[in-house]
Structures are given as C-alpha cells and as structure tokens.
S.K.: 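The structure's right below; bear with me while I get my questions together.
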Amino acid sequence: MSKIWDFFSGPRLYRYLDSSSQSQPYEANIFEAIPDYIFGTTRFCIGLAQWGWPMALPYMLKQALYSSADQLSLRCQSALSYSIGAVCLLLCAACCRTLGRSLNPTYSAFTQSLRKARRGFTAEDKESLSKYDFDFWAWPVEFKATQTQPLQPASGPAEPVPHPLDWLLGPASRLLVQTIGIRMTYPGCTALMNAVVRPMLQQTRARLQTQHRIQRFKLLTPSGFEVEAFFADRRSGGDGHGNGEILIVCCEGNAGYPEIGCTGVPLEKGHSVIGWNHPGFAGSTGLPFPDTEREFIETVLQFAQQRLGFEPGDTALLAWSIGGYSATWAAARQPQLRYLLLDATFDNIEELAVKAMPKFASWFVRYAVRHHLRLDNAEQLCRYPGPVKIIRRTQDEMITTGRPGELVTNRGNQLLLALLRRRYPNLLPAPGAAGGASDGLIVLNCFLARGQKAQLTEYLASVGYIGDEACLRHLANSRRRRLRQIGNQNPGRQIYPLDIGVGLGQADRVSVLLFLAGKLMVNMESTHCTPLTPGLFTPPWSELTEPALCDEAELQQLKIDDGQLLISDPSVGPSSESDASWEPV
C-alpha cells in the first residue's frame with residue numbers, strides 16, 4: 001500500500017543519469033504524460049489567478065451588484081458544478097498517473113531511492129538520489145538554520161514618515177505589494193516564469209553536474225521556508241586555478257537563477273561557488289519580501305560556515321542587479337567577509353519603482369515601497385568596511401531613471417556616492433552638511449557621466465588631475481594618521497572614516513576623489529542582462545591592501561585575512577592634522 005501511495009503522491013521526474021552517467025530526459029508513458037499536462041495547466045491557472053485576481057475583482061463586484069437573486073443563485077450553482085467537475089477530473093488524472101508510474105521501471109527505481117533517502121539521508125543516499133532531477137519539494141532537508149539575532153533592517157534616513165491617511169493607505173499599499181507589486185519586482189517568483197525557464201534550468205543543471213560536479217541542497221530557514229541551493233566544491237585544486245579555497249556566494253537578479261545566472265564566471269575561474277534561488281524561484285518557497293530575502297542569505301551563509309567549513313574571511317559575495325540587496329545585507333551583518341562585488345546594482349529601489357509606474361501614482365508607489373518593499377542597498381553597503389567593487393553597465397536600460405543607457409541617471413552612481421560619503425566625508429560631505437566640497441560633487445558627476453576610457457582620460461586632464469602616485473601619497477598619510485588615532489584601543493582596527501581631504505587644496509582634493517571613484521567603480525560596455533565579463537571578476541582594490549599604502553608588517557597587524565577590520569562608529573571624527581605633506585611609506 002505504501003508503494004501505491006508513493007506512486008500517487010510522488011514528485012514529477014524530469015531527468016536521470018543512465019548507466020554511463022549521462023543525463024537523459026525522463027520518458028513518461030501516455031498514462032503519465034496526459035495527467036502531467038492536466039496538472040501543469042491547473043498550476044498555471046492557479047498562478048495566473050494569484051497574479052490577476054485584483055484586476056478581475058471590480059468586474060466580479062459589478063456583476064454581483066447588478067444581478068438579481070435568481071441570477072446570483074444560478075451563477076453559484078454553475079460555479080459549484082464546474083468546481084466539482086474539476087475535482088473529479090484531477091482525481092481521475094491522479095489515479096491514471098499512479099498506474100503509469102507503476103508501469104515505468106525508471107520511476108520505480110527512483111521511488112526506491114527516494115523512500116530510502118527519507119528514512120535517513122546518508123552520503124550514499126544522496127549520491128543515489130542525485131542521479132535524478134525531480135520536483136524539489138520532495139528533496140530531503142539537509143540543513144536547518146538557527147536564528148541567532150533578530151532579523152531587523154538597519155535604520156536609516158529613509159524610515160517611513162507617519163501619514164494622516166495611514167489607516168487607509170496602509171492596507172491598500174500592503175494589498176498592492178503582496179499581489180502585484182512583489183511579482184512585478186521579482187518576476188522570477190511567478191508560476192509563469194518558473195514554467196517557462198524550467199526546461200532550460202534542467203538541461204543546464206545536468207551539464208553543470210557533469211562538468212563541475214555541483215551538488216543540490218535543501219536548506220531550511222528559521223521561519224520554515226525552503227531554500228534551493230547548489231554548491232560546487234573546488235577545494236581539491238585540480239582545475240589549475242588554485243582559487244578553490246575562496247568561496248563565492250552568488251546573489252541573482254529578479255529573474256535570475258543560479259544555473260543560468262552569475263555563477264558561471266566564478267566557476268570558470270576555479271572558485272568554490274554557492275548559488276541559491278530567491279523565495280518563490282524554482283524550488284525555493286515563500287515570496288521575496290525584504291525580511292524573507294534577509295533570512296535566505298543568512299541561512300546560506302550559516303550553511304557555508306557551519307556545514308561546508310568556509311570561514312567568513314574566505315567567503316566573498318557576487319551580486320547582480322536586485323541581488324545587491326541580499327549581498328549588502330549579508331556584508332553589513334558579517335563585516336569579516338572577504339570582499340563584495342556588485343554588478344549592475346542600484347542604491348534604492350524607490351526611484352526605479354516610480355519610473356516603472358504611471359506618473360499620477362508616483363506618490364502612492366513611494367508610500368508602498370517605503371513601508372513594504374524598502375530595498376536600501378546604499379545604507380547597508382555603508383556599514384561594510386571591506387573591499388568593494390561596483391560594476392556599472394554603460395548601456396544599462398534597467399536601473400536608469402532617464403533614457404536607457406543614460407549614465408547620468410544610472411542608480412549605480414548614487415550607490416558609489418553613498419559609499420564615498422561614508423568612507424571619505426571630507427572629500428564628499430553628505431547632502432546639506434556644513435562646509436564642504438560642492439565643487440567636488442560637480443566634478444565627480446561630470447566624471448561619472450563619461451563611460452569611454454578615452455573620454456575619462458581627456459576629462460581627467462582637463463580638471464588638472466595630479467596623478468595616481470600623488471593620490472596614493474595623500475591616502476598613505478591619511479591612513480597612517482587614522483591608525484595612530486585609534487592606536488590599540490580596539491582590536492578590530494577600525495579604519496573608516498578616513499580624514500583624507502583635510503588641509504588639501506581644491507585640485508588635490510578633487511583628484512583624490514576621482515582616483516577613489518575610479519578604483520571603487522569600473523565600467524562594462526554592455527546592457528543590463530549581458531553576462532559579466534570574466535576579466536572584471538577580480539578582487540576589488542582597497543587602500544587596506546594597496547602595497548603603496550602599507551607594508552607587509554602592517555598587513556599582518558591588521559589581520560585582514562582573518563576578517564578583523566571593522567568600520568568605526570560615525571561619531572569618531574577625522575583627525576585635524578594636515579595632509580599637505582607626504583610621509584614616506
């Protein structure tokens with residue numbers, strides 16, 4: 001009887017490895033194929049209803065209000081009849097599929113492996129089960145995360161301001177975000193998108209399993225959501241790159257999946273790689289609201305550190321597009337992480353959401369985003385003290401608020417400005433701050449409006465750029481003063497903010513600002529969805545590890561590899577010493 005139940009309620013099988021370890025598509029017989037089509041159509045219709053019911057609600061209410069009692073009774077009876085018929089059809093389809101599966105030797109062998117794995121998921125059981133590609137909900141849980149700290153977002157200047165109509169706007173905005181808004185922001189969580197990309201994901205997953213021996217894992221968050229994750233272990237070092245000891249955790253975009261997303265480049269470079277699906281994407285459960293996103297990335301990092309044995313100092317983050325929210329949150333929570341690469345990422349989703357909606361609804365969109373969908377990457381990034389590289393797409397059509405490819409309105413610029421203001425407040429003060437380099441901001445905006453290398457070189461010459469070596473000398477002085485200031489009071493070696501800019505002339509201050517902007521942000525000649533150029537996947541530049549700024553003894557003292565470098569409290573002011581003279585390194 002238990003075998004019959006396994007055939008009746010078991011997951012759908014898509015691919016399997018044959019005796020020669022080659023991936024083959026599962027061939028369902030006619031008793032399975034027709035029911036699978038019926039169930040697939042039903043799931044699609046349910047997903048469509050979840051997306052579109054707010055738009056159909058006005059029509060349904062109108063029909064209910066302008067119909068007589070007899071008409072309403074007749075429509076209710078018709079709806080009940082159709083529902084009963086649909087249920088009977090689904091039951092018949094399930095029984096037919098049970099018969100088909102029992103007659104299929106491949107599915108029978110798969111059922112035996114799955115039943116054994118559910119009793120006790122050993123390494124042998126996982127190896128046997130990994131030969132099959134099936135619905136992820138049936139995969140056994142392999143890691144359960146613990147909630148060590150409250151999952152609360154960091155406070156910042158964009159906290160929602162109370163509104164007199166909160167009693168009305170609150171429920172209305174919540175309804176909009178939970179039905180249409182979240183699915184427009186993350187289309188990968190819709191049933192339609194998952195159904196469209198499923199065949200491509202299965203084929204790519206089979207190829208990656210053969211080429212890179214990726215392993216599939218099911219992780220469980222503290223709230224009970226399931227995370228579909230993939231891991232490629234390259235620590236054996238047999239690929240010739242020698243990068244396997246460094247783990248790259250990849251955070252995909254709003255319609256990205258790890259099989260076809262940004263995991264490709266680190267895999268080519270020989271790194272160990274973890275890819276994971278956002279909530280609602282492929283086999284992951286839930287919806288990608290900010291609190292769920294934070295819980296997912298924390299679960300992934302716990303898995304990497306507790307189960308796989310990677311230290312935070314050996315773990316880096318690579319994020320594409322909206323994946324920057326998860327990555328910056330993780331970096332803010334774990335400042336010991338090795339480095340952070342942000343590709344085609346924005347500062348805050350608010351302006352992009354306003355751009356995507358009708359102009360007359362902009363005020364309501366702002367309200368909804370600030371209260372229910374606040375993705376403030378810039379605020380979180382400013383809390384991470386480690387090396388950062390921002391990759392800006394020069395023809396990006398997705399994260400610009402103006403024309404497609406318009407560099408001036410690329411929101412990656414605002415992400416860079418926020419980071420510069422946090423780390424070097426005397427070069428680029430916060431908006432509204434007393435005194436300060438307003439001229440530097442103008443020059444920097446003109447610099448960021450240029451994407452071609454020749455244009456950048458010409459502009460640097462026009463503003464009297466003092467050269468890289470002179471900029472490094474000023475940074476070396478500032479860094480030394482900061483180390484003397486904090487002394488041994490804090491073993492974390494708090495280094496930011498630096499006082500660079502104090503005592504400098506206008507030309508020198510602007511030159512150092514442009515030098516730092518060029519180091520923290522690099523351009524890529526492409527649109528938003530073009531795969532990352534492998535040549536740009538390199539560790540970020542950082543004054544913490546720049547040979548011209550610190551010798552080997554200082555690097556050892558800072559314990560950068562151990563992740564001991566922490567950001568300082570904003571209340572710690574810059575030194576008053578002049579930066580006009582250079583102290584030899």
Side-chain angles (χ1 to χ4, degrees), residues 8-9 11-12 14 33-67 71-97 135-138 170-201 223-226 228 254-257 277-293 353 356-358 361 364-365 368-369 372-373:
F8 180 84
S9 62
R12 186 175 178 182
Y14 300 102
I34 295 177
D36 282 339
Y37 178 80
I38 294 174
F39 286 119
T41 304
T42 303
R43 285 191 295 268
F44 174 79
C45 292
I46 293 175
L48 193 62
Q50 291 176 336
W51 172 282
W53 73 263
M55 293 176 282
L57 185 60
Y59 172 78
M60 297 170 63
L61 290 176
K62 179 182 177 182
Q63 292 296 317
L65 290 174
Y66 292 96
S67 299
Q71 289 176 326
L72 285 176
S73 176
L74 181 60
R75 286 172 179 165
C76 290
Q77 291 177 9
S78 299
L80 181 61
S81 300
Y82 287 134
S83 299
I84 294 175
V87 170
C88 292
L89 176 62
L90 293 176
L91 286 175
C92 291
C95 294
C96 184
R97 187 176 64 177
D135 287 330
F136 191 67
W137 60 262
S173 61
R174 188 180 302 110
L175 177 64
L176 174 68
V177 169
Q178 292 185 352
T179 54
I180 300 176
I182 192 64
R183 292 171 175 83
M184 291 183 65
T185 307
Y186 288 89
C189 73
T190 61
L192 176 61
M193 177 66 76
N194 284 320
V196 169
V197 303
R198 184 180 294 115
M200 185 191 310
L201 297 181
S223 298
F225 294 110
E226 297 176 355
E228 182 180 18
N254 65 351
Y257 301 82
N277 276 308
H278 292 286
F281 286 51
S284 294
T285 60
L287 286 174
F289 291 104
D291 54 347
T292 313
E293 283 284 323
M357 299 299 288
F364 184 67
V365 173
V369 169
H372 307 293
L373 203 58

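Source: prediction; values computed, not measured. We count residues from 1, following the sequence as given.
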S.K.: So, for C189 and P279, which heavy atoms are closest and what is the spacing to 0.1 Å?
M.R.: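 In terms of heavy atoms, the two residues are closest at CB-O, 3.8 Å.
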S.K.: Would you mind listing every side-chain hydrogen bond (donor to acceptor under 3.5 Å, both in side chains) that reaches into residues 278-288, with sequence neighbours excluded?
M.R.: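 Pairs touching residues 278-288 that pass the test: H278-E293.
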S.K.: Who are the side-chain hydrogen bond (donor to acceptor under 3.5 Å, both in side chains) partners of S9, not counting sequence neighbours?
M.R.: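 Partners of S9 under the side-chain hydrogen bond (donor to acceptor under 3.5 Å, both in side chains) test: W5.
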S.K.: Give the minimum heavy-atom separation between T190 and P187, together with the two atoms involved.
M.R.: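 Looking at all heavy atoms of both residues, the shortest contact is OG1-O, 2.7 Å.
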S.K.: Applying side chain to side chain contact (heavy atoms under 4.5 Å, CB included) to L287 and Y186, what does each step give before you reach the verdict?
M.R.: CA-CA 9 Å; L287 286 174; Y186 288 89; over 6 Å; no
S.K.: Minimum heavy-atom separation for F8 to A94, with atom names?
M.R.: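 Where F8 meets A94 most closely, the heavy atoms are CE1-CB, 3.4 Å.
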S.K.: Would you please name every residue forming a side-chain hydrogen bond (donor to acceptor under 3.5 Å, both in side chains) with N254, sequence neighbours left out?
M.R.: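 If we apply the side-chain hydrogen bond (donor to acceptor under 3.5 Å, both in side chains) test to N254, skipping adjacent residues, there are no hits.
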S.K.: side-chain hydrogen bond (donor to acceptor under 3.5 Å, both in side chains) with T42: which residues, sequence neighbours excluded?
M.R.: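 In terms of side-chain hydrogen bond (donor to acceptor under 3.5 Å, both in side chains), with neighbours along the sequence ignored, T42 is linked to no residue.
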S.K.: If you measure from CD1 on I38 to CG on L90, what distance do you get to the nearest 0.5 Å?
M.R.: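 Nearest 0.5 Å value for the CD1-CG distance: 7.5 Å.
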S.K.: Apply side chain to side chain contact (heavy atoms under 4.5 Å, CB included) to I84 and list each qualifying residue two or more places apart in sequence or on a separate chain.
M.R.: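 So I84 forms a side chain to side chain contact (heavy atoms under 4.5 Å, CB included) with L80, C88.
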S.K.: Using the ring of each side chain (for Trp, its six-membered ring), is Y257 parallel, tilted or perpendicular to F281, with breaks at 30° and 60°?
M.R.: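 Ring orientation of Y257 relative to F281: tilted.
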S.K.: Is there a donor-acceptor contact under 3.5 Å from the side chain of T292 to the main chain of P288?
M.R.: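 Not a single qualifying donor-acceptor pair exists.
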S.K.: First locate atom SG of C92, then atom CD1 of I34, and finally report the distance between them rounded to the nearest 0.5 Å.
M.R.: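 C92 atom SG to I34 atom CD1 measures 13.0 Å (nearest 0.5 Å).
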S.K.: In the structure I gave you, are the side-chain heavy atoms of Y14 and R198 within less than 4.5 Å of one another anywhere?
M.R.: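 Yes; the side chains approach each other to less than 4.5 Å.
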S.K.: Counting distance only, does the side-chain N/O of R183 pair as donor-acceptor with the main-chain N or O of Q178 below 3.5 Å?
M.R.: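 The answer is yes, because a donor-acceptor pair under 3.5 Å joins these two groups.
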S.K.: Please round to the nearest 0.5 Å and tell me the distance separating atom CG of L175 and atom NE2 of H372.
M.R.: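 The distance works out to 10.0 Å.
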S.K.: Take Q63 and Q71, measure what side chain to side chain contact (heavy atoms under 4.5 Å, CB included) needs, and give me the verdict at the end.
M.R.: CA-CA 10 Å; Q63 292 296 317; Q71 289 176 326; over 6 Å; no
S.K.: Residues in side-chain hydrogen bond (donor to acceptor under 3.5 Å, both in side chains) with E228, at least two apart?
M.R.: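 So E228 forms a side-chain hydrogen bond (donor to acceptor under 3.5 Å, both in side chains) with R216, N277.
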S.K.: Could you tell me which non-hydrogen atom of D36 sits nearest to which non-hydrogen atom of R97, and how far apart they are?
M.R.: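 Between these two residues, the closest heavy atoms are OD1-CD, 3.3 Å.
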S.K.: Looking only at atom types and distance, does a side-chain atom of N194 sit under 3.5 Å from a main-chain N or O of G283, one as donor and one as acceptor?
M.R.: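 Between the backbone of G283 and the side chain of N194 there is no qualifying donor-acceptor contact (under 3.5 Å).
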S.K.: For the backbone of L61 and the side chain of Y66, can you confirm whether one donor and one acceptor N or O come within less than 3.5 Å of each other?
M.R.: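 It does not hold such a pair.
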